[in-house]
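Notes to accompany the following structure.
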Amino acid sequence: MAGALIGEAFLSASIRTLCDKVSSGELVDFFRRKKLDHSLLEKLKLTLLILHAVLNDAEEKQIVNPAVAMWLNELKHAVFDAEDLLDEIDAEVLRSKVEAEYQTKKTQVWNFLSTSLNPFYQGMNGRVQVIFERLEHLAKQKDLLGLIGGVKGTVSQRTPTTSFVEHEFSACGRERDEKKLKRMLLSDNASSSHISVIPVVGMGGVGKTTLARVLYNDKKIKKHFDVTAWACVSEDFDDIRVTKTLIESIISKPCSLQDMSLLQVELREQVRGKRFLFVLDDLWNDNYSDWDLVRAPFTYGARGSKVIVTTRNESVASLVHTGPIHYLRHLLDEDCWLLLSKHAFRNENPSAHPELEEIGKQIARKCDGLPLAAKALGGLLGCNVGYKEWSHILKNNLWETLHDKSVLPSLRLSYHYLPTYLKQCFAYFSIFPKDYQFEKENIIQLWMALGLIPQAKSGKGLEELGGRYFDELLSRSLLQRSLIGKSSFIMHDLINDLAMFVSGEFCFRLDEGEPHEVPKRVRHLSYMRGRFDTTAKLKPFYEIKCLRTVFPMSLSPYYEGSKGLYVSIKVLEDLLPAQKCLRVLSLARYKNITQLPDNIGKHLSLRYIDLSYTAVKTLPNTMCELYNLQTLLLLGCSSLVELPADMRKLINLRLLDIRETSIKEMPVQMGRLKSLRTLTAFVLGKSTGSSGIGELGQLSNLRGKLSILNLQNVVNPMDALGANLKDKKDLHEVELAWGHEDANDSVKERHVLESLQPSVNLVKLTIRFYGGTRFPDWLGDTSFSNIQVMRLSKCSTCFSLPPVGRLPALKELYIEMMKFVASIGVEFYVGNGASLSQPFQSLVKLEFNEMPEWEEWLSSPGSGQSCFPRLEVLTLCNCPKLRGNLPDRLPCLRNLTVSNCGVLHERATRTRWIPWSLIVNTESLRRSLRTLTINGCPGLSSLLETESLSSLWRLKVQIFSSTNYLQPHFSNCLGELILVNCASLLSFPRNGLPTSLTFLRIQNCRRLEFLSHEMMAKLKSLRYLELFKSCDSLRSFPLGVFPELSNLSIRGSKNLESLAIGEGADDENLTHLDRLVIGNCPNPVSFPHGGLPTPKLAHFIVRGCENLKLLPDRIHSLTALQELRIYGLPNVESFAEGGLPPNLQSFAIGGCEKLRPSVEYWGLQRLVSLRTFRIRSSEHLLETVLKEQLLPTTLHTLQIYEMRSLKSLEGKGLQHLTCLQELEISWCYSLEFLPNEGLPASLSFLSIKKCPSLSKRCQEKTGEEWSKIAHIPCIQIDDQVII
């Protein structure tokens, strides 16, 4: 084996680092000063060197020799324990060093005298001796195992020249598959459901996702579809997450909705009438109900929409397909070689290495036709380009010995030959669940915290080196870019399996709902957050004593408005104190974390703390004793008002994220944090404003984003120069903000802004509340050639705008609340000097908002061409004095929004004979404009009367002009029409609405006559119709006229009396109706005799109809109904006489005083699918339901609201609910008593809000009712959470 290419050992880097530490002069001096046995360090070093010599041989032999594997495993534990001990000593050395700077002479003398009394020093010799003896024992066993030294690990350190995977959208050997699927996608031959679902089936690693990516990113396919979205589904199927991901992929911003019904409505609106392409990647779930729930909104898309589903399971393909199933077979050997060679030679021509071609083809045959294996092996071979190295890989006996393992041999080999510095970095990925979206920067921070990136003597370069490590894993195809987030990455499932395999018992991941016995010697622990992470869930962690990582995580990102997540406070009280080796701690998102214990300062090894989106109010000053701390994440801690006073002591802090906090000012001497690389905000206090800003100048390594807030507290503008922003070349995003109050010294503020000129490398600039009368000369200077995004907000004393038109890379510009700007002209485009270049040559998006004095918008002088040649989005909101015309010649404009600009284009209103084409060049908009929103701008109404907007797809008109007769020329491709507050509008055009219309919303148009029967008959594509306080003349709504209608909402219709089957209507036309809402209609409303002929109705809501007496007959026949809500129907006396729909999942009822349920005909207890029952303002109803035990035993959630005179709950009706998980009681002001029998043992969450008497009686340990609820894992009483 001596001459073979041997993989470097997993522990090699760890042992080298340990040797460096024990031989360092600083540690030896420390031992001598503290009267410790420094000879132990020399013995320890010699033993480590002996072990290091045989590591590579052991790494190779462990695969075939179980005894060596066991020896190596024990060695890993011993080495990790040694690391922990030396880290503890290093932390003590650092503590002594830092605290010496802040101690008086008297304190120093006392500390010197107390050293001999310190338990840390008293037991240190013995602890080092124990480690030494363990390692010495293992060293003696090496000869018995036949381990030899001198076996050199030969792994190329070559850094890849390109990150090939970023450009990997080429599916080698899949040309035929690609061509066939592309033809299917571009075909308009829809299935019977008019949405085609195309399953792509194949085993893991065969290239399903890559092929889907190729198709998804194909330019022709992108152009063919109006909307495209990608969602990774994964084994852990979550309908809410999948739906939300699709929405976010479409709108390119976060979606905060949590309710599945609301998410479905939002997705419907996004796809309504549009031809879309969705990719659902890696679907495992073959449950029809789950699939039906996710796909329901898809039916709102236009004919020709497609859904690609990739899956390993034929049962899934059989469930979802609407046409042929596409089976993806293994690659041919020659295609495997083609793919492997591309990765091995980094896209160079393989003919440059003819001696490697034959051996390369032999290696390719071992890939078993799996592209993932070919890419991974290609990444390995690319770092070892040479005949000898490739030959050893081909002949390695690992191919045979690894065949019995659960991981592909080709992938195992790719890991085996990784450089040692990458092995532990790669293995750490095993703590992340499959399909987890991770950020590169965060991974690097974690690696740094765990010491996986070697520390340079200067203390700099860790992030850069970590970035190189990450890029190398990416180049070896062990990581890949995510299609969901632009800056996110993912790991293929099979690679994730590999990471779990090689990490062994050192990394452990507790997946949701999977009970596991946690290895006692695990070092890195992660678990999937639940809504309530109780003591019982976390109990297995308590016996672990050597954790370095505690990391809860979620597959869904955090959004404001997300349901609160809670963790047992025992984590802080019991688990945390027991972990002496902790380096990474995350408590992010837990809403009941309001503070950290003072003993947090004893965890001297902590390097990474994440408290993002917790309710933490203060941080203990003992946290400033964590001198090793590198990363402190406080993002979204909105209750946090100050940082600890001694922050300056955190000399190793590299990242401090305080975005979205309420911090009032920075602690003093922040400039001493010389290691700081990322500081998201610097808040200037009144007392330290001028001196404080100078601290920034000392932070010379800052990069990324920085916000400087409360600049009004700078007293002397010269102090701002001390921030030295101009020399901070790595700052790419800067925000400069003053206070909300108006400036009292505009000259001072202008000088401050002049002094804060950033580097020309800046990409994004935001200026808020600036109080100067004009902007400094640097703003708009052409030297800032990298600025892409600029926002000028609430600069209320400025009279003019800076010459930002000269910025060559500017893509987005937002200008808002600049109340003194009256005119925008030449200064905006080119400034005072002449310019030969085209202004705004890259601008894509332009928004003006809240500009109360703005009156004129002039064109660029002397320009015979468009001022905005690439502008796609233009928004003008609340500019009430703006006159004149919109900019001429906007050839690329796709989205135009004009709101509350009352006198804009006023001439077009006063002089009706002037054609629109003389006011704005409509020819430039003919083929580009897709979305038009007009709100309170009468002058633009004539734009609707032109025939030029042939591409318009969405039109929203609000507060229409005084005309009584709408005469628009609608585009033939118009899909959405929204009319709001058009009080004087009487009728639609005589020729009706475009047949392409899929979405129609009419709000507050009471005088508008509804569509005639002839007009309705033409709208064969209409899928969504909403009438809100509109069309008062409508007495009977005709059901069944619109063949594709799936969502109907009628609210506030004064004279509506019935929903009836329309004239000439066909029951077949009602088969698509999925959601029906009737609300606040004062007249009695009748439904069709015999019930609703709507077999696919899933959501039915009736509310606020005071005179309604009868709900639809035969409601039990609505077998697809999942949600039923009936509120505010005081005159309904009977309901569901034939029983409730059998598949109901959510039932809400309230304000139905005359309604009395009966066991005989409601059949509630038989509804095994019912998960949520919500009852409001119906005490007699609640009493009957509980007394007669009507609710099904399988109920998951019970919500009781607004029972104002209810004093006690009936016990028997709750006790039989053996599956009840959540009970919520709110606004029951008189309620005092819970059932004497107690609450169901199954309850995991109890919420009591706005019930003053009950809240008092349920106080923890002291309340009279506490004994009845003490067994519940999580209890919320108003704002107090007990878990």
Side-chain angles (χ1 to χ4, degrees), residues 80-81 83-92 94-95 99 117-124 127 130 431 449-450 508 510 518-527 529 532-552 565-611 614-634 644 646 649-650 1260 1273-1274 1281-1283:
F80 290 158
D81 285 342
E83 283 181 336
D84 290 337
L85 179 58
L86 284 176
D87 193 64
E88 196 177 335
I89 296 171
D90 280 347
E92 180 62 23
L94 183 60
R95 184 191 65 78
E99 292 184 358
L117 305 176
N118 191 328
F120 177 84
Y121 301 111
Q122 284 182 326
M124 185 52 64
R127 294 176 67 188
V130 169
I431 72 165
L450 297 168
F508 185 82
L510 182 64
V518 183
K520 299 297 183 292
R521 298 196 291 182
V522 66
R523 306 282 167 164
H524 307 292
L525 174 71
S526 71
Y527 62 92
R529 288 188 195 91
F532 313 111
D533 290 333
T534 61
T535 303
K537 175 177 178 176
L538 304 179
K539 190 175 181 180
F541 307 164
Y542 284 52
E543 296 181 32
I544 309 169
K545 302 302 179 187
C546 51
L547 280 176
R548 297 184 182 182
T549 300
V550 175
F551 207 97
L565 304 177
Y566 302 95
V567 66
S568 170
I569 208 68
K570 295 285 188 182
V571 168
L572 296 180
E573 295 175 354
D574 298 336
L575 178 62
L576 190 57
Q579 303 306 323
K580 304 300 184 184
C581 309
L582 206 57
R583 300 186 180 198
V584 172
L585 172 65
S586 173
L587 296 169
R589 300 201 199 184
Y590 287 127
K591 294 296 185 183
N592 61 321
I593 298 293
T594 58
Q595 61 183 12
L596 290 181
D598 286 339
N599 62 19
I600 189 71
K602 294 181 179 179
H603 293 274
L604 298 180
S605 294
L606 266 175
R607 290 163 168 81
Y608 177 105
I609 298 178
D610 187 359
L611 299 173
T614 60
V616 67
K617 297 175 182 177
T618 59
L619 296 172
N621 206 48
T622 54
M623 181 180 274
C624 299
E625 296 171 13
L626 302 176
Y627 306 122
N628 278 310
L629 192 65
Q630 297 171 340
T631 300
L632 179 55
L633 303 176
L634 302 169
D646 289 334
K649 293 183 179 180
L650 298 177
E1260 186 176 9
C1274 185
V1281 177
I1282 305 164
I1283 183 171

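Only a predicted model underlies this, so the values are computations on that prediction, with no experimental measurement involved. Only this structure's heavy atoms are used, side chains among them; waters, hydrogens and symmetry mates stay out. FYI, the numbering just counts along the sequence from 1.
Atom NZ of Lys545 has more than 12 neighbouring heavy atoms from other residues, nucleotides or ligands inside a 6.0 Å radius. Heavy atoms of other residues, nucleotides or ligands lying less than 6.0 angstrom from NZ of Lys570 number 12 at most. Counting heavy atoms of neighbouring residues, nucleotides and ligands inside a 6.0 Å radius, atom NZ of Lys617 does not exceed 12 of them.
Side-chain contact check for Leu572 versus Leu596: some heavy-atom pair is nearer than 4.5 Å. Put simply, the side chain of Val1281 reaches to within 4.5 Å of the side chain of Cys1274, judged on heavy atoms.
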Next on the checklist: With side chain to side chain contact (heavy atoms under 4.5 Å, CB included) as the criterion, how do Arg127 and Leu85 come out once you've worked through the C-alpha distance, each side chain's angles and the decisive distance to 0.1 Å?
Outcome noted: CA-CA 8 Å; Arg127 294 176 67 188; Leu85 179 58; 3.6 Å; yes

Next on the checklist: What verdict does the side chain to side chain contact (heavy atoms under 4.5 Å, CB included) test give for Ile600 and Leu576, after you've listed the backbone C-alpha separation in whole Å, the side-chain angles of each residue and the deciding distance to 0.1 Å?
Outcome noted: CA-CA 8 Å; Ile600 189 71; Leu576 190 57; 3.9 Å; yes

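Contacts of Phe551 classified as ring pair (Phe, Tyr, Trp, His ring centres under 6.0 Å), with partners at least two apart in sequence or in another chain: none. Asn621 meets the side chain to side chain contact (heavy atoms under 4.5 Å, CB included) test with Cys624, Pro644, Ala645, Asp646; sequence neighbours excluded. Take Tyr608 and apply the side chain to side chain donor-acceptor pair (under 3.5 Å) test, not counting sequence neighbours, and it matches Asn442.
Nearest approach of Pro577 to Val571, heavy atoms of both residues: CD-O, 4.4 Å. Smallest separation of non-hydrogen atoms from Leu604 and Glu92: CD1-OE1, 4.4 Å. Nearest heavy atom pair, residue Arg523 against residue Asp81, reads NH2-OD1, 2.9 Å. For the pair Ile609 and Leu611, the tightest heavy-atom approach, listed with the atom from each and the gap, is CG2-CG, 3.9 Å. Closest heavy-atom contact between Asn628 and Arg607: O-CG, 3.4 Å. Nearest heavy atoms, Thr614 versus Leu587: CG2-O, 3.2 Å.
Note that CZ of Arg583 is 13.5 Å distant from OG1 of Thr631, once rounded to the nearest 0.5 Å. Between Ile593 atom CD1 and Ile569 atom CD1 the span is 4.5 Å, to the nearest 0.5 Å. Put simply, CZ on Arg529 and OG on Ser586 are 5.5 Å apart, with the number rounded to the nearest 0.5 Å. Note: His524 NE2 to Ile431 CD1 = 8.0 Å, rounded to the nearest 0.5 Å. For the atom pair His603 NE2 and Cys581 SG, the distance stands at 10.5 Å (nearest 0.5 Å). Here NZ of Lys649 is found 14.5 Å from CG of Leu629. Values are rounded to the nearest 0.5 Å.
Using modelled atom types, one side-chain atom of Gln579 and one backbone atom of Ile544 make a donor-acceptor pair closer than 3.5 Å. Looking only at distances, a side-chain donor or acceptor of Thr622 sits under 3.5 Å from a matching main-chain atom of Asp598. Put simply, the side chain of Arg548 never gets that close to the backbone of Cys546: no donor and acceptor are under 3.5 Å apart. Looking only at distances, a side-chain donor or acceptor of Asn592 sits under 3.5 Å from a matching main-chain atom of Val567.
The aromatic rings of Tyr527 and Phe541 sit tilted, their planes meeting at an angle between 30° and 60°.
Phe80 does not carry Arg521 over the face of its six-membered ring by the limits of under 6.0 Å from the centre and within 45° of the normal.
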